[in-house]
Amino acid sequence: MKKYNGKELYKGLLFIKSMMSMNNVNRQKELDQTYALSVGIECEQTVVDDGASTSVDRPQMRQLMEILEISDYKVLVVEDIYEITRNPEDLKSMMERINDLGVTIFDLGTMSARYNNYAIEC
């Protein structure tokens, strides 16, 4: 397993919901990767959702779930948990689906792991 500052690194997938230009998205991606690395998560891949929809039934969310289902990612890194969806029932359902895959959701906004819409410190 890779290490950073003496810590084991978890393999993470970064999810960014943004309608910014690709230059700004790339800058945000670099910042998010740095923050994630500081807590031991190495984001090897990024899924960018540039759509206006917040429905969980959107192409980028389907892509995200497909990647999580076939990969060995241990952590999904988000800037804000509500980028997945703002609907509380849909969010709880998505969090349960992601957690059931053995994937922890890490919210950069609160710098904490999220389970079923409750913050748990790492």
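Any value given below was found using the heavy atoms of this structure, including those in side chains, with hydrogens, waters and symmetry copies removed.
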With side-chain contact (heavy atoms from CB on, under 4.5 Å) as the test, would you mind laying out the steps for E79 and L14 before giving the verdict? CA-CA 9 Å; E79 290 181 0; L14 177 61; 5.6 Å; no
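Taking CD1 of I67 as the start and CZ of F15 as the end, the distance is 10.5 Å to the nearest 0.5 Å. Taken from CG in N23 to CD in Q28, the straight-line distance is 13.0 Å, to the nearest 0.5 Å. Note: D100 CG to E69 CD = 11.0 Å, rounded to the nearest 0.5 Å.
The two residues L68 and L76 have their closest heavy-atom pair at CD1-CD2, 4.4 Å. Across all their heavy atoms, I41 and G12 have their closest contact at CG2-CA, 3.8 Å. Of all non-hydrogen atoms in L108 and A36, the two that sit nearest each other are CD2-N, 4.1 Å. Between D49 and G51, the closest heavy-atom pair is OD1-N, 3.1 Å.
Using a 4.5 Å heavy-atom cutoff, the side chains of Q60 and D50 are in contact. Contact of the K29 side chain with the D32 side chain is not registered, since no non-hydrogen atoms from C-beta on lie closer than 4.5 Å. The shortest distance between side-chain heavy atoms of M95 and I81 falls below 4.5 Å. At a threshold of 4.5 Å between non-hydrogen side-chain atoms, the residues M111 and S38 count as touching. Put simply, the side chain of K17 does not reach to within 4.5 Å of the side chain of D80, judged on heavy atoms. Within the 4.5 Å cutoff, side-chain heavy atoms of L13 are placed close to those of L64. Side-chain contact between L9 and L37 is present, with at least one heavy-atom pair separated by less than 4.5 Å.
The side-chain contact (heavy atoms from CB on, under 4.5 Å) with M94 is formed by just one residue from the set N99, V56, N87; it is V56. With P59 as the partner, the side-chain contact (heavy atoms from CB on, under 4.5 Å) test is satisfied by one option alone out of Q63, M61, R62: R62.
In R86, the CZ atom is not crowded: 12 or fewer heavy atoms of neighbouring residues, nucleotides or ligands sit closer than 6.0 Å.
Remark: the backbone N or O of E30 is paired with a side-chain donor or acceptor of T34 at under 3.5 angstrom.
Taking the charged nitrogens against the carboxylate oxygens, K74 and E42 have no contact shorter than 4.0 Å, which rules out a salt bridge.
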